[in-house]
Amino acid sequence: MNIAVYCGAAKGNDPIYAEAARTVGTWIAKNGHRLIYGGGNVGLMGIVANTVLELGGKVTGVIPDVLFIREQRHDGLTEIIDTTSMSERRNKMIELSDAFIALPGGPGTLDEISEIIMFLRIHELKGPCVLYNTKEFYEPLRALLLLMAKEGFMEQEDMNKILFSDDIDEVAAYITKGR
Ligand code: AMP
């Protein structure tokens with residue numbers, strides 16, 4: 001499967017986040033999946049990509065024509081796909097991917113995974129979609145989504161389309177066997 005991983009261009013200030021990135025990268029490589037990601041060689045992005053590559057796995061980086069991002073790109077990937085803009089990159093990553101994982105990250109990660117959640121709601125995507133919940137990082141987002149459902153801005157059943165977990169075995173089963 002092609003697995004999109006969205007995650008921080010920073011490492012975060014607790015080594016537990018890098019460990020989570022390595023865990024996900026290891027699972028991708030050891031199970032013959034391909035990593036689809038934003039192409040950076042920085043932060044958790046670089047850690048996931050390098051873990052997959054070190055274990056002999058395949059990595060596709062989808063890189064927009066944005067100077068700051070180009071300067072931080074990974075030059076050792078299996079495949080690079082150039083896009084003209086951030087939005088074209090997001091679309092390309094979605095088009096290529098069979099499953100979507102968000103590790104902890106910043107506003108870029110939140111933006112990307114919010115779009116996935118939106119597409120799940122309007123039945124444009126089937127997922128699977130995982131919020132990798134290291135150190136309960138995504139609990140505030142889960143609380144916000146539950147509030148949206150409670151206040152009538154989202155259906156409660158939409159919550160069932162997202163797995164919140166930091167257990168790689170549970171994540172693997174969810175992705176490969178479906179919900
Ligand atoms: P953030 O979570 O704000 O650190 O942003 C990370 C997300 O935004 C990644 O999933 C990337 O797709 C994109 N992004 C932000 N900065 C970079 C970068 N330096 N190189 C590649 N992609 C980036």
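Indexing begins at 1, ligand by ligand and atom by atom, following the structure's order.
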Participant: With the threshold set at 4.0 Å, does a side-chain nitrogen-carboxylate oxygen contact exist between Glu79 and Lys58?
Facilitator: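 Answer for the salt bridge query: no.
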Participant: Atoms of ligand 1 less than 4.0 Å from Gly8 heavy atoms?
Facilitator: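 In order of number, 2 (O), 4 (O).
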Participant: For the side chain of His33 and the backbone of Met1, is there at least one donor-acceptor N/O pair under 3.5 Å apart?
Facilitator: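 A pair under 3.5 Å: yes.
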Participant: I'd like to know if Arg22 and Glu54 make a salt bridge, using a cut-off of under 4.0 Å between side-chain N and carboxylate O.
Facilitator: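 Salt bridge: no.
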Participant: Check contact between Arg89 and ligand 1, using heavy atoms of the residue and a distance below 4.0 angstrom.
Facilitator: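 Yes, Arg89 has a heavy atom closer than 4.0 Å to ligand 1.
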Participant: Please could you name the atoms of ligand 1 that Pro107 approaches to less than 4.0 Å, counting only its heavy atoms?
Facilitator: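 Near Pro107, meaning under 4.0 Å from one of its heavy atoms, ligand 1 has 3 (O).
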Participant: Tell me whether Gly108 has any N or O atom under 3.5 angstrom from an N or O of ligand 1.
Facilitator: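 Checking ligand 1 against Gly108, an N or O pair does fall under 3.5 Å apart.
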Participant: If we ignore hydrogens and angles and just use 3.5 Å, is the side chain of Asn2 paired with the main-chain N or O of Asp98 as donor and acceptor?
Facilitator: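 Absent.
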Participant: Would you say Tyr6's side chain and Gly105's backbone share a donor-acceptor pair under 3.5 angstrom?
Facilitator: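 It does not hold such a pair.
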Participant: Considering both backbone and side-chain atoms of Val5, is one of its nitrogen or oxygen atoms within less than 3.5 Å of a nitrogen or oxygen in ligand 1?
Facilitator: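 Min N/O separation from ligand 1 is not below 3.5 Å for Val5.
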Participant: Just which atoms of ligand 1 are under 4.0 Å from any heavy atom in Gln72?
Facilitator: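 Going through ligand 1 atom by atom, the ones under 4.0 Å from Gln72 are 18 (C), 19 (N).
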Participant: Do me a favour and list the nearest non-hydrogen protein atom to atom 15 (C) of ligand 1 with residue, atom name and distance?
Facilitator: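 Nearest neighbour among protein heavy atoms for atom 15 (C) of ligand 1, to 0.1 Å: Ala9 CB, 4.2 Å.
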Participant: For the pair Arg89 and Asp65, find out whether any cationic side-chain nitrogen is under 4.0 Å from an anionic carboxylate oxygen.
Facilitator: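 Salt bridge between Arg89 and Asp65, a charged N being under 4.0 Å from a carboxylate O: no.
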Participant: Check for me whether Gly39 has a heavy atom closer than 4.0 Å to any atom of ligand 1.
Facilitator: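 It does not; every heavy atom stays at 4.0 Å or beyond.
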Participant: Out of Asn41, Ile69, Val62, indicate the one that has the non-hydrogen atom closest to atom 17 (C) of ligand 1.
Facilitator: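 Residue with the shortest heavy-atom distance to the ligand atom: Ile69.
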Participant: Would you mind running through ligand 1 and noting each atom that sits below 4.0 Å from a heavy atom of Gly105?
Facilitator: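 Answer for ligand 1: 2 (O).
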Participant: Answer yes or no: is there an ion pair linking Arg90 with Glu112, defined by an N-O contact shorter than 4.0 Å?
Facilitator: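 Result for this pair is no, no salt bridge flagged.
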Participant: For atom 10 (O) of ligand 1, find the nearest protein heavy atom and state the residue, atom name and distance (0.1 Å precision).
Facilitator: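 Nearest protein contact, heavy atoms only, for atom 10 (O) of ligand 1 is Glu112 OE1, 2.6 Å.
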Participant: Compare Cys7, Gly106, Gly38 and give the one whose heavy atom is closest to atom 6 (C) of ligand 1.
Facilitator: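 Answer by nearest heavy atom: Cys7.
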Participant: Can we say Lys135 and Asp166 salt-bridge, meaning some charged N sits less than 4.0 Å from an Asp/Glu carboxylate O?
Facilitator: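 Looking at Asp166 together with Lys135, the answer is no, because their closest N to O distance does not fall below 4.0 Å.
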